[in-house]
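One structure below.
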Number of protein chains: 2
Amino acid sequence: MTPSEFRQQVRRGDFRRPTAGYCGEFAQANLVVLPKAHADDFLRFCTFNPKPCPLLGVGEPGQWQVPSLGRDVDIRTDIPRYYVYRDGQVAEELDSLETIWQKDFVTFAIGCSFSFEYMLAQAGVPLRHIEEERNVSMYRTNMANVAAGPFGGNLVVSMRPMRGADAIRAVQITSRFPAVHGAPVHIGDPREIGIADLQAPDYGDPVTVKPNELPVFWACGVTPQEALRAARLPIAITHKPGHMLMTDIPNSRLAVF
Amino acid sequence: MTPSEFRQQVRRGDFRRPTAGYCGEFAQANLVVLPKAHADDFLRFCTFNPKPCPLLGVGEPGQWQVPSLGRDVDIRTDIPRYYVYRDGQVAEELDSLETIWQKDFVTFAIGCSFSFEYMLAQAGVPLRHIEEERNVSMYRTNMANVAAGPFGGNLVVSMRPMRGADAIRAVQITSRFPAVHGAPVHIGDPREIGIADLQAPDYGDPVTVKPNELPVFWACGVTPQEALRAARLPIAITHKPGHMLMTDIPNSRLAVF
């Protein structure tokens, strides 16, 4: 199935599930939609914090097409499930934005760890949460984001336990992909970045960390989601967690070297 | 002082000390000189084990000039101090090879960690053994080299303790320089590679490892020295440890990306 065919399924209402594992060669994107009045601050926030918020695409105000993500993309209909936030709370879950689309809406598509996990798997680096069929473990850290307007807060990270040689390989591989979070931000003792207990993640599931493994931490796309909620905007829209936008961008094309 | 001027000092007998800290922008090389009868096996050994034995240059049989290392290099006179091995034992220390040079001698110049340490320092990554004015800690591991002819043995590594974020940066930086040992081979628990006690190195000095630091291990040029000794050749020549060949190769030119 091509990404375009996948989006057609979503658009027809035939796919309303998490998108993990589909069209693995292609980048999936986190979605943020904001009124123009807040979009400029959010763009600055992403620019200042490129590791948690790497931008794969930004729409023109009012336009639901973002050609850089895929020629036929319709942001209003091509995501399996949407969250509508009002004043920082999830007010509605929707299957489509067609009825609530505003002429001042600006779309942000943010790179996702599925892309670098695909590259790690291709290179033979084992991923524990996939072996254990769980969601990746995610944690709030004590590392402050660079604030922009109402957007701030702390970095959220995902963690993958690895043996030393695999951790080195993972740094090399993910360094090539800054558009999907890039290199890790930390390796080793979780307390160094304000994480008290690896077995108690703030998001996702705990996974087994073996005695001969190091936890390796990457900046996570939950960071802008948390910043968005804390900003308590009158309206903001995201994908429902796990229900991402499938793009036409091959992961391999995101390599910078 | 240019590398050529430095070599002139050595050639005149005015410099007989360790070369660390001189001409920092330029690569220094480990020296191995062997009769042609063993040189082919040694070349295969280096080819099979490029992380401990990255070749910066190989001479033609009998020639003491290696133009790729520097136009005026004379391998017989430009190293501050030589070890002559006979049957695997240091039989003599010499200031010059002029009296013992053989028509079948083949020169190998092997990249050295001074080059990547220069790059790490330029990038602001602290190096503990330099802060503490000690030699880097080196250890025998349980990782077997790929054998070739009489050359085999286990990998020897150097260790530099670092905080997580610096370890990530160090992987990125040293990955760019495969000609000077390249990326680390291990991060974290030393027992994973057969090292029982970080404070008891097999070569060099112990250094402080702080609780919030990870030991980061690189393949080390002592590996081919050990393999050479164990091969018990009738004759083999190396530099005296620390007394390296200064080349005209800028470290920055060794970057592969």
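Naming convention: chains lettered A, B, ... in sequence-line order (proteins, then strands); numbering from 1 in each chain. Every value quoted in this text rests on a predicted model; they were computed, and no experiment measured them.
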**OP:** Quick one: closest heavy-atom pair of B:V171 and A:V171, and the distance?
**Re:**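 Smallest heavy-atom distance, with atoms named: CG1-CG1, 3.6 Å.
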Original post:
Top residue by heavy-atom pair count (under 4.5 Å) with chain B, among A:A183, A:A165, A:G164?
Top reply: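 Top option by heavy-atom pairs under 4.5 Å: A:G164.
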Original post:
So which part of A:I168 gets closer than 4.5 Å to some heavy atom of chain B, the side chain, the backbone, both or neither?
Top reply: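 It is both, since atoms from each part get that close.
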Subject >> Portion of A:A167 that has a non-hydrogen atom of chain B nearer than 4.5 angstrom >> reply: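 Neither part, no heavy atoms under 4.5 Å.
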Subject >> Close contacts, residues 184-199 of chain B versus chain A, judged by heavy atoms under 4.5 Å >> reply: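 Contacts with chain A: B:P184, B:V185, B:H186, B:I187, B:G188, B:E192.
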Original post:
Is it the case that more than 12 heavy atoms not belonging to A:E133 sit under 6.0 Å from its CD atom?
Top reply: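 12 or below, so no.
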**OP:** Measure the spacing between OG of B:S175 and CZ of A:R176 and express it to the nearest 0.5 Å.
**Re:**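 Nearest 0.5 Å value for the OG-CZ distance: 11.5 Å.
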**OP:** Under 4.5 Å heavy-atom distance to chain A, tell me which part of B:R163 shows up: side chain, backbone, both or neither.
**Re:**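 For B:R163, side-chain heavy atoms alone lie under 4.5 Å from chain A.
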